[in-house]
Amino acid sequence: MIRPLFASAALVALVGAQASATNLLNNAGFEDALGFDFANPNNWNGFFGGPAGTFLQAFNDTGATPRSGDRALVTTIRGAEGITTGNDAFTGHVQIVNGITAGASYELAVWARTNPLLLNGAEFRVEWQDAMGVEISRFNQPLQGLVTSDYQRFAFTDVAPAGASRAAIVIAVQSFIGASPADTSVAWDDASFQIIPAPGAAALLAVAGVTGLRRRR
């Protein structure tokens, strides 16, 4: 959901409160080592699949220019000439976030750019799960046609459904939409997943801030 800029004080207070919310993701800037065996589900863990011969990449040590820090996550699908087009492949990373509050609104955001091409699908999503890890529902945000050569911030909000206590955060590219060849490469950086304060809570924060200013004056 794209958010316009607001002029009202109450809504500005809401945006400010949201911006200061805690990022629930670990290794959000992909600076540290990534996982591939789910020994630590609270870090990013890579996954991949596709036809034999397809080049698949989901690493943070490729040397790609990051938005901030020293590293960025790069996800790539590339066919091999004379062997495979690379169609019907996927690769990416997932991280599990525990302690989800059912009924609360959450924002998932990430910065992305082409690296240097995007002919197929790039997407990020939240998969809402119960305490046993069984998926209840998901919200997927495709980025086809939106990613450019410059880093842009992409974000959406979704409400955690009843019964949700975990969220699987997924960042990926896939080649299921039929383009040929299936060459795709995207750099990702500075992901965030955070709860959005209820409007009433944001208003209270705003009032507290104004009261504090008056007292200091």
Side-chain angles (χ1 to χ4, degrees), residues 1-3 18 21-30 32-51 54 56-60 73-77 86-112 118 120-144 146-147 153-178 182 184 186 188-198:
M1 181 173 67
I2 299 174
R3 292 197 185 89
Q18 181 177 330
T22 300
N23 189 353
L24 301 175
L25 293 175
N26 296 313
N27 197 12
F30 309 102
D32 300 325
L34 305 176
F36 285 89
D37 57 3
F38 285 88
N40 177 11
N42 302 123
N43 187 19
W44 297 106
N45 285 271
F47 58 87
F48 57 89
T54 302
L56 300 171
Q57 182 182 62
F59 301 107
N60 65 344
L73 170 64
V74 173
T75 53
T76 303
I77 298 173
N87 284 313
D88 298 323
F90 59 90
T91 187
H93 272 265
V94 58
Q95 181 177 147
I96 303 299
V97 176
N98 293 291
I100 294 300
T101 301
S105 293
Y106 289 81
E107 180 194 70
L108 176 60
V110 66
W111 292 78
L118 177 60
N120 271 267
E123 60 191 30
F124 64 112
R125 66 178 180 267
V126 56
E127 300 174 359
W128 302 109
Q129 302 177 351
D130 65 16
M132 301 301 294
V134 177
E135 183 177 323
I136 300 171
S137 65
R138 65 173 59 187
F139 189 100
N140 183 65
Q141 180 62 62
L143 298 179
Q144 184 68 16
L146 300 177
V147 184
R153 185 178 187 269
F154 298 96
F156 66 78
T157 60
D158 196 31
V159 177
S165 63
R166 306 186 348 160
I169 306 303
V170 179
I171 294 173
V173 292
Q174 50 83 11
S175 57
F176 296 120
I177 61 175
T184 296
V186 178
W188 312 83
D189 208 355
D190 298 327
S192 67
F193 182 62
Q194 56 192 20
I195 193 168
I196 299 176

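Source: prediction; values computed, not measured.
Closest of all the heavy-atom pairs between Tyr106 and Ala160 is CE1-CB, 4.0 Å. Closest non-hydrogen pair, Phe36 versus Asn45, comes out as N-OD1, 3.7 Å. Counting all heavy atoms, side chain and backbone alike, Ala168 lies closest to Val94 at CB-CG2, 4.0 Å. In this structure, Arg138 and Arg125 approach most closely via the heavy-atom pair NH1-NE, 3.3 Å. In this structure, Gln194 and Thr22 approach most closely via the heavy-atom pair CB-O, 3.3 Å. Residues Ser105 and Val159 approach most closely at OG-CG2, 3.5 Å, considering heavy atoms.
The aromatic ring centres of Phe139 and Phe156 sit less than 6.0 Å apart.
No more than 12 heavy atoms of other residues, nucleotides or ligands sit less than 6.0 Å from atom CZ of Phe48.
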Step-by-step side-chain contact (heavy atoms from CB on, under 4.5 Å) determination, Leu73 to Trp44: CA-CA 10 Å; Leu73 170 64; Trp44 297 106; 5.9 Å; no
side-chain contact (heavy atoms from CB on, under 4.5 Å) between Leu56 and Ile77, intermediate numbers included: CA-CA 5 Å; Leu56 300 171; Ile77 298 173; 3.8 Å; yes
Derivation and outcome, ring pair (Phe, Tyr, Trp, His ring centres under 6.0 Å), residues Trp188 and Phe30: CA-CA 9 Å; Trp188 312 83; Phe30 309 102; 8.5 Å; no
CA sep, side-chain torsions, deciding dist, call: Phe124, Leu143, side-chain contact (heavy atoms from CB on, under 4.5 Å): CA-CA 8 Å; Phe124 64 112; Leu143 298 179; 3.8 Å; yes
Criterion side-chain hydrogen bond (donor to acceptor under 3.5 Å, both in side chains) on Asn43 and Asn27, from CA distance to verdict: CA-CA 7 Å; Asn43 187 19; Asn27 197 12; 3.2 Å; yes
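Taking CG from Leu25 and CD1 from Ile169, the interatomic distance works out to 6.0 Å, rounded to the nearest 0.5 Å. The CD1 atom of Ile171 lies 13.0 Å from the CD atom of Gln141; values are rounded to the nearest 0.5 Å. The distance from atom CD1 of Ile100 to atom CD1 of Ile195, rounded to the nearest 0.5 Å, is 7.5 Å.
Side-chain atoms of Asp88 and Phe176, non-hydrogen and from C-beta on, do get closer than 4.5 Å to each other. Within the 4.5 Å cutoff, side-chain heavy atoms of Ser192 are placed close to those of Arg153.
Side-chain atoms of Asp130 do not come within 3.5 Å of backbone N or O of Glu135 as any donor-acceptor pair. At distances below 3.5 Å, not a single donor-acceptor pair connects side-chain atoms of Glu107 with backbone N or O atoms of Ile196. Using a distance-only test at 3.5 Å, with no hydrogens or angles considered, a donor-acceptor pair links the side chain of Thr91 to the main chain of Phe47. The backbone N or O of Ala191 lies less than 3.5 Å from a partner atom in the side chain of Asn23, making a donor-acceptor pair. In this structure a side-chain-to-backbone donor-acceptor pair under 3.5 Å is missing from Thr75 to Gly92.
Using a 3.5 Å distance cut-off with no hydrogens or angles, the side chains of Trp128 and Asp158 do pair a donor with an acceptor.
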